[in-house]
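Remarks on the structure that follows.
In this text the structure is predicted, and so the values were computed from the model without any measurement.
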Amino acid sequence: MLYRVAQECLTNTARHAGARRVRLVLARRSAAVGAAVELCIRDDGRGLVGAPEGAGIRGMRERALLVGADLTIGPAAGGGTEVRLWVPVPAGERVI
């Protein structure tokens, strides 16, 4: 699921954003509610202003819902778009 969301974000950036740079970070996180994996993808492109939500973004939202993840898509600081996916790790599972 993480791979597919990252793939969709990078495809959207390449096709639509006109970005010069994109940054992808995959990290392990700890929270009061337990461990999680966070995927953050940020570009310096034209952003989402006025763009309709297409099938790719809907697909990312559906994938996130299936595993109880939190997906946010919005403007990045300094322009462009930022996508954050916070995937909780089930109790008893180890994050490597």
| field | Sidechain-backbone polar pair: Asp70 side chain, Trp86 backbone, donor-acceptor under 3.5 Å | value | no
| request: Answer whether the closest heavy-atom distance between the side chains of Cys40 and Glu82 falls below 4.5 Å. | output: yes
| query | Once you round to the nearest 0.5 Å, how far does CD of Glu8 lie from OH of Tyr3? | reply | 11.5 Å
| query | Shortest non-hydrogen contact from Ala69 to Pro88? | reply | CA-CD, 3.9 Å
| note | d(Arg4 CZ, Leu85 CG) to nearest 0.5 Å is 14.5 Å
| note | Tightest non-hydrogen contact, residues Arg46 and Gly18, listed as NH2-N, 3.9 Å
| request: Any chance you could measure Leu71, atom CG, to Arg84, atom CZ, to the nearest 0.5 Å? | output: 11.5 Å
| message | I'd like to know if Val67 and Leu2 are part of one continuous hydrophobic network [Ile/Leu/Val/Met/Phe/Trp/Tyr, side-chain heavy atoms within less than 4.5 Å]. | response | yes
| field | Nearest non-hydrogen partners of Gly47 and Thr81, listed with the distance | value | CA-OG1, 3.3 Å
| said: What's the separation between atom OG1 in Thr13 and atom CD1 in Ile41, rounded to the nearest 0.5 Å? | reply: 7.0 Å
| request: State yes or no: do Met60 and Leu24 share one hydrophobic cluster built from I, L, V, M, F, W and Y residues joined by side-chain heavy-atom distances below 4.5 Å, directly or via other members? | output: yes
| message | Quick check: closest heavy atoms across Arg61 and Ile73, and the distance to 0.1 Å? | response | NH2-CD1, 4.0 Å
| message | Could you measure the distance from the CZ atom of Arg29 to the CD atom of Glu38? Nearest 0.5 Å is fine. | response | 4.5 Å
| query | Any side-chain heavy atom of Arg23 within less than 4.5 Å of one from Asp43? | reply | no
